[in-house]
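All remarks here apply to the structure that follows.
It should be emphasised that the depicted structure is a prediction, and the values quoted were computed from it without experimental measurement. Below, read A as the first sequence line, B as the second, and so on, with proteins coming before strands; counting in each chain starts at 1.
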Amino acid sequence: MAGRSDAGHVMWLNRNITKDRSDRRTLSRLLADFFNLGSGSLEGWVKRRFIEKFYGSSPHPFVLSLQNPSRAVLLGYVVEHQHFLRQWVRSCSYIMARTDEMDVVSYELDNINTEYGGVGTGQPSHYELLLRMGESLGLDRKEVFRMAPLANTREAIRVWDSICRDDHWVEGMAAMHGLELIANRRLKGEGASIGYFDPAILKNEEISDQAKAFLREGYEADVGHSEQALGLVEKYSRLYGNVDDVQATFLRSIYYFDLYLMARLERSRQFESS
Amino acid sequence: MKVPEKGCAICQATWGDYWEEIEGQRMFFCCDICAIEFRNMIDEVKKRKGWKTVDEIKMTGNYRGRECTALYQGKKYGFNIRFDSKGGIDLFTERA
């Protein structure tokens, strides 16, 4: 495929393996090295690949913008992320519906509550905190609901829906909960060049309290969410013997996550002059 | 136009076998997306500077963003560019 200039294949090889055309034997070895867990865990491999893509020497542009975010960046986040979180519930529900493992069901229920359901009035969901952040910046939630997702968000949602509906539920878990590494503050101790945002902005008076509440929630929750889920993925992928599939599906998921984060930036440009 | 001696005119990769004529010159690219990126970049520089063509574009960086200097008849134009997933220009900023 790379020899025939298939853009998807060539770009993946360029960004993950090598830019230099290689013979079959060399390429096989490079690919084997890339997927090899060595003496480490699947969780470690997933984190390593995630860090390389989003927190390596060239961090993702959205993450760079979030270090000290403008109003426009936060509003772009609100508008596109509402669609992400609605899909999130569907994805977690597919996983629950397709597994018999009760520790997985319990994990997904807890995750859905945190992200979407909330607990009474004292512990609003991540979704509610997102909408409140938008309102604090002058964007009414009714207006947010009226805004359709941008093309990259729509495409990413379609892929995540398809993975969780059609592929093995362990692959679905890796695809979705691996993404929660984005706000895992421990990654900085594991090789990430920067964090999701600079924690100093939680004390910045120019950032609304509602925006701080939203960012703080992810900051607190996503360490546990991502690492607990990756522990389950590790356990069940070995039990079901589908580690290779899980790795491939995870890589596919983070490719679309990259595009989705770009959609947040694309949306933010619509708010730059408002 | 002067392009890298080896590999794709945008990313220097040696994978692929995609050729396209740009500014009257047959050029090698690793894929069609890189060809679209290159053409869009040249068109944008010509439009902004009013140049008839471009002699060379020196580039550093990667797909997250490239720092470029365009050259034409001894003149220099510095800019940063980032492309979207289809090869369109996502970000273009001029550098002093």
Item to complete: Verify, without hydrogens or angle tests, whether A:Lys19 (side chain) and B:Cys11 (backbone) share a donor-acceptor contact under 3.5 angstrom.
Response: yes

Practice prompt. Check whether more than 12 heavy atoms from other residues, nucleotides or ligands sit under 6.0 Å from atom CD of A:Glu206, and answer yes or no.
Written response: no

Fill in: Pick from B:Asn62, B:Leu91, B:Asp32, B:Asp84 with the largest number of heavy-atom pairs that fall under 4.5 Å of chain A
B:Asn62

Worksheet item: Hey, mind stepping through A:Met262 and B:Arg82 against side-chain contact (heavy atoms from CB on, under 4.5 Å) and telling me if it holds?
Response: CA-CA 11 Å; A:Met262 293 307 294; B:Arg82 187 172 72 216; 3.5 Å; yes

Fill in: Proximal component of A:Ile17, with respect to chain B [non-hydrogen, under 4.5 Å]
neither

Worksheet item: Do you know the tightest heavy-atom contact between B:Thr14 and A:Asp20?
Response: OG1-CA, 3.3 Å

Practice prompt. Take atom NZ of B:Lys47 as the centre, draw a 6.0 Å sphere, and report whether it contains more than 12 heavy atoms from other residues, nucleotides or ligands.
Written response: no

Worksheet entry | Distance (rounded to the nearest 0.5 Å) between B:Ser85 OG and A:Tyr256 OH | 9.0 Å

Worksheet item: Quick one: does A:Asp6's side chain get under 4.5 Å of B:Cys31's, heavy atoms only?
Response: no

Worksheet item: Does A:Arg21 come within less than 4.0 Å of B:Asp17, counting only side-chain N to carboxylate O?
Response: no

Discussion item. Within the supplied structure, the quantity of interest is the number of heavy atoms (other residues, nucleotides, ligands) at a distance under 6.0 Å from A:Arg24 CZ; does it exceed 12?
Written reply: no

Practice prompt. Pick out which of B:Cys34, B:Cys8, B:Cys30 makes a side-chain contact (heavy atoms from CB on, under 4.5 Å) with A:Asn14.
Written response: B:Cys30

Discussion item. If we ignore hydrogens and angles and just use 3.5 Å, is the side chain of B:Trp15 paired with the main-chain N or O of A:Thr18 as donor and acceptor?
Written reply: yes

Worksheet entry | For chain B, which residues of residues 60-69 of chain A have heavy atoms nearer than 4.5 angstrom | A:His60, A:Pro61

